[in-house]
Amino acid sequence: MSYIKIPKEWEILETQVTPESDYINRRKFIKDLGIAGAGALLFSTSTACAQNKGVEKQLRPFRSQKLAAENNTAFTVERQITDEIVAATYNNYYEFTTSKSSVWKKVGDFKARPWEVEVSGLVEKPMTIDVDDLIKQMPLEERIYRFRCVEAWAMVVPWIGFPMKALLDKVQPKADAKYVRMLTFLDPDMAPRQNSNRLPWPYYEGLTLAEAMNDLTILTVGIYGHILPPQHGAPIRLIVPWKYGFKSIKSIVSIELTDQKPRTFWNTLAPGEYDFDANVNPNVPHPRWSQASERMIGTKERLPTLMYNGYGSSVAHLY
Ligand code: MTE
């Protein structure tokens, strides 16, 4: 029996990665100290500067494509909104890399347009639609949501999107439809890690039909007032704010209604760690860490984790 634990590919912990905010905070540290010749720290300072400029440049084409959407004031959050650059440089997108602080640098070959989404299965009116045509037909709004990753980091982000219910009403689920199964694109030329067969690509997720029809469940196409950049799951991704972030599948190409409970990517990889429901619950620790509190990216503030991520009044009745 071996006592040395070799982590599997998917077991990399967020704590092993230096977030962008660390670089930014280091800069602030030097400034606060007022040290003129802080030579030893200068290297990381200039790295931070270059990195910040780099992401500004990477975001420029997305920022220039504004999305008009009224803020829905029913969804306010008592926490501070995460800085856009912080959110854009701390991502989980395993199709590109397992290093959260590097996803934004690795998505250069990703093409989010043209893009089609297929809605199929147990529906009266199946359809395949170009994402921009879909956006034109859907009631876009901005919602500020708490977002909680299973790895115990969290952020608050202004998403632009529409209730998934609006799309499902359009295709008309049949009476025997019970679940919704979603798939990410499969294209190893754009997403190099899909070349490895160590993970069961493409990424797939599922919800019950009742969860998908809940008003909180949105398909998002924008963030911070503009179209989604690739690292956040362009051109269209799911957001289910009362569930751990891995349920919020990115870059969706297929939405299928079924009568069978769909398998999910993380549950297939580690059934003992990631269940189908994946509802945020501070009282149920992950087998490898506590879920009682969370670290806000950017500020590093530690806050208590809220039951259903604070959305219990809208969703607790589902369970
Ligand atoms: N979707 C796909 N296709 N691939 C992924 O690796 N990671 C998930 C989720 N959706 C993931 C995905 C996880 S673990 C999290 S926490 C969120 O995306 C991160 O979203 P963000 O990078 O926009 O913050």
Side-chain angles (χ1 to χ4, degrees), residues 9-14 17 19-21 55 59 62 81-107 110 112 115 117 145-161 181-188 190-194 196 198-207 218-224 227-255 264-270 273-274 278 280 286 291 294-298 309:
E9 199 173 5
W10 43 265
E11 279 187 326
I12 292 176
L13 285 180
E14 56 129 5
V17 178
E20 169 76 0
S21 53
V55 69
L59 286 180
F62 307 99
I81 293 182
T82 302
D83 185 84
E84 182 182 0
I85 301 283
V86 171
T89 50
Y90 196 75
N91 307 96
N92 268 329
Y93 207 163
Y94 271 44
E95 284 83 342
F96 296 92
T97 171
T98 55
S99 160
K100 277 175 251 305
S101 55
S102 301
V103 175
W104 69 275
K105 297 180 208 162
K106 306 248 171 173
V107 291
F110 180 78
W115 191 278
V117 181
Y145 275 167
R146 282 177 289 273
F147 182 94
R148 172 60 155 84
C149 177
V150 74
E151 295 161 331
W153 57 267
M155 60 183 183
V156 174
V157 165
W159 301 106
I160 296 172
R181 177 174 185 265
M182 286 151 283
L183 274 186
T184 294
F185 71 93
L186 180 64
D187 186 342
M190 292 202 300
R193 290 190 77 250
Q194 288 185 336
S196 154
R198 287 161 72 193
L199 296 178
W201 307 114
Y203 199 97
Y204 46 100
E205 254 306 335
L207 295 173
I218 53 174
L219 287 165
T220 66
V221 293
I223 191 168
Y224 296 98
I227 64 165
L228 275 185
Q231 60 267 46
H232 283 302
I236 182 164
R237 66 94 61 89
L238 181 75
I239 289 293
V240 260
W242 72 97
K243 293 180 179 284
Y244 290 120
F246 66 86
K247 296 293 287 183
S248 293
I249 179 173
K250 295 179 168 182
S251 307
I252 298 169
V253 292
S254 160
I255 297 172
T264 63
F265 186 82
W266 287 101
N267 182 256
T268 304
L269 284 167
E273 301 196 2
Y274 310 105
V280 175
H286 182 279
Q291 295 291 26
E294 60 208 39
R295 179 179 57 81
M296 301 306 293
I297 58 168
N309 205 21

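Note that ligands are numbered from 1 as they come in the structure, with each ligand's atoms numbered from 1 the same way.
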*Is there a donor in the side chain of N267 and an acceptor in the side chain of E273, or the other way round, less than 3.5 Å apart?*
no

*Only pairs at least two apart or in different chains count here, so list each salt bridge (charged side-chain N to carboxylate O under 4.0 Å, His left out) that has a residue in residues 240-249.*
E205-K247, E211-K243

*Return the protein residues near ligand 1 (heavy atom under 4.0 Å from any of its atoms), ordered by chain and residue number.*
N91, N92, Y93, Y94, E95, F147, C149, W153, M155, T184, Y203, Q231, H232, R237, G245, F246, S248, I249, K250

*asked:* Tell me if the aromatic rings of Y203 and Y94 count as close, with their centers under 6.0 Å from one another.
replied: no

*Describe, in one word, how the ring planes of F110 and W115 are oriented to each other, choosing from parallel (under 30°), tilted (30 to 60°) and perpendicular (over 60°).*
tilted

_Can you confirm whether the side chains of T268 and Y204 place a donor and an acceptor under 3.5 Å from each other?_
yes

*Would you kindly say whether W104 and Y93 are connected by a side-chain donor-acceptor distance under 3.5 Å?*
no

